[in-house]
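Single-structure report; data block below.
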There are 2 protein chains.
Amino acid sequence: MPADLSGIELRQLDTVVLTTRHVRRGEALFRTHDVFQSLYAVRTGSFKTIVMHRDGREQVIGFQIPGEPLGLDGVCSGTHSCEAIALEDSTVCIIPFAQFESLCRESRRMQRHLYYLMSSEIVRESSLMMMLGTMTAEQRLASFLLDLAARFRARGYSGAKFNLKMSREEIGCYLGLKLETVSRMFSRFHRDGLVEPKGKQIHIVDAQALARV
Amino acid sequence: MPADLSGIELRQLDTVVLTTRHVRRGEALFRTHDVFQSLYAVRTGSFKTIVMHRDGREQVIGFQIPGEPLGLDGVCSGTHSCEAIALEDSTVCIIPFAQFESLCRESRRMQRHLYYLMSSEIVRESSLMMMLGTMTAEQRLASFLLDLAARFRARGYSGAKFNLKMSREEIGCYLGLKLETVSRMFSRFHRDGLVEPKGKQIHIVDAQALARV
DNA sequence: CGCTTCTTTGAGAATACTCAAAGAGCGTGG
DNA sequence: CCACGCTCTTTGAGTATTCTCAAAGAAGCG
């Protein structure tokens, strides 16, 4: 997970990350109001995180792929404010927060890394709010695809071809759109030669044009 | 700022908060890409924080009233990812981050408080995304007013009557709506007897009904 | 291989937006 | 202190984007 830590710190982290956990497709790693005890890092598979309104409305607030952190929302109140659901059979590293906290007190770099993770999440959510607040349906889907592409690339996968494990409905729930609208936008991108969607398999043909949308 | 710190820690914090700064209405406390050096706490007045897209689009991601923190976005990259603009002549406490960080290494409670602040911001933004992604214009304005009311109450002001320092346009920019839509929703709430808006002075008449919207 | 779930597409409806103009409020300067 | 001008707010009318409802087609799973 931590790209900017030295070998020493990584070994220290290994002493804390004693266990991994398997989560089956559709199951929850944690739910809203669960007691917060650990941070997690996706090891294999993928997750969505959702917040639920009392009336049952859901908002997907993020998708996590291997290497990305989960659970930072729980630090402030001691209970989780969202829930993390596996999009496919997945495994996570468990990082017990109490132990991680001790490690942070010993290692300034580890401490900085935790700050980095939390602040990054704040910045990520800010740009998501920008998307939800100012963009058209077309722009939202374009920026979603480009963001995913960049993250896959950053983790060593192809940024041009990847598999969407989430449904159109989940994408819509993330982008503040209905599933039909998401589907129509995919069709439009396909018609315009920007993207080649074969079901869940996505091939980004013209990233430049996507960025200009 | 910190509600859960002891007298000792508050005195320690006082040694770090050496200076305050005045910011005139319309001026920036910090701008996007400014080097991050300090956290701030609003002392008097109020601010908006905005993120800017390259094409000039703006999204207001928060309004800050006295007692609330500013600048947490800068921790991860060392530069600010948003800008903070004063909505009226205001003052802030300056908390140099390097010194605050040292203090956190000495005091576990101070450390926890920083975690708390960052994680709270993550949770706050999550619920904002829920609003932007799932709510109608009417519901957005209602939840905005109730949120503000709760925050004023938490800081010891009246939750039923308060002054909106931000314009209809800024509210719209925060709620993902146009200023005309915001104005229409105010008119509707007025017509229905939920809110008594006298220009920028807001009187919440029926908070229960607002919550049911 | 059949059933269920997901996706696509169409048609019509609703919400929010755009453009426009009048009215109110605020700050500034005489 | 009042008047002027500017900005902000309100309201209306028409438009556009997205949503809703519906149905057919495709894909995935057991």
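Just so it is clear, the values below take in all heavy atoms, side chains as well, and ignore hydrogens, waters and symmetry mates. Chain identifiers are assigned alphabetically (A, B, ...) following the order of the sequence lines, protein sequences preceding nucleic acid strands; residue numbering begins at 1 within each chain.
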Separation of [N] [atom2] from [X] [atom1] (nearest whole Å):
X         : N       : atom1 : atom2 : value
Arg24(B)  : dG27(C) : CZ    : C1'   : 15 Å
Arg168(A) : dT9(C)  : CZ    : P     : 11 Å
Leu132(A) : dT18(D) : CG    : P     : 13 Å
Lys178(B) : dT9(D)  : NZ    : P     : 15 Å
Glu138(A) : dA16(D) : CD    : P     : 16 Å
His190(B) : dT9(D)  : NE2   : P     : 16 Å
Arg191(A) : dT8(C)  : CZ    : P     : 15 Å
Asp89(B)  : dG27(C) : CG    : C1'   : 13 Å

Could you check whether [X] gets within reach of a base, just the sugar-phosphate, or nothing at all, counting any heavy atom under 4.0 Å?
X         : result
Leu177(A) : sugar-phosphate
Gly176(B) : sugar-phosphate
Ser183(B) : base
Ser167(B) : sugar-phosphate

Next item on the list: May I ask you to verify whether the side chain of Glu180(B) and the base of dC19(C) hold a donor-acceptor pair under 3.5 Å?
Entry: yes
Item checked: Pair of N/O donor and acceptor under 3.5 Å linking dT20(D) base with Arg184(A) side chain -> yes
Check: For the residue pair Ala84(B) and Leu70(B), what are the closest heavy atoms and their distance?
Finding: CB-CD2, 4.1 Å
Quick one: sort the [X] and [Y] rings into parallel, tilted or perpendicular, breaks at 30° and 60°.
X         : Y         : answer
Tyr40(A)  : Phe30(A)  : parallel
Tyr174(A) : Phe63(A)  : tilted
Phe152(B) : Tyr157(B) : perpendicular

Margin query: Do His80(A) and Thr32(A) have side chains that approach each other closer than 4.5 Å (heavy atoms only, starting at C-beta)?
Written below: no
Notebook entry, point to check: Between dA16(C), dT10(D), dC19(D), which nucleotide gets closest to the side-chain atoms of Thr181(B)?
Noted result: dA16(C)
Item checked: Upstream residue (5' side of DNA chain D) when Arg188(A) and Lys200(B) are each assigned their closest nucleotide -> Lys200(B)
Check: Taking for each residue the nucleotide of DNA chain C with the nearest heavy atom, is it Arg25(B) or Arg140(B) whose nucleotide lies nearer the 5' end?
Finding: Arg140(B)
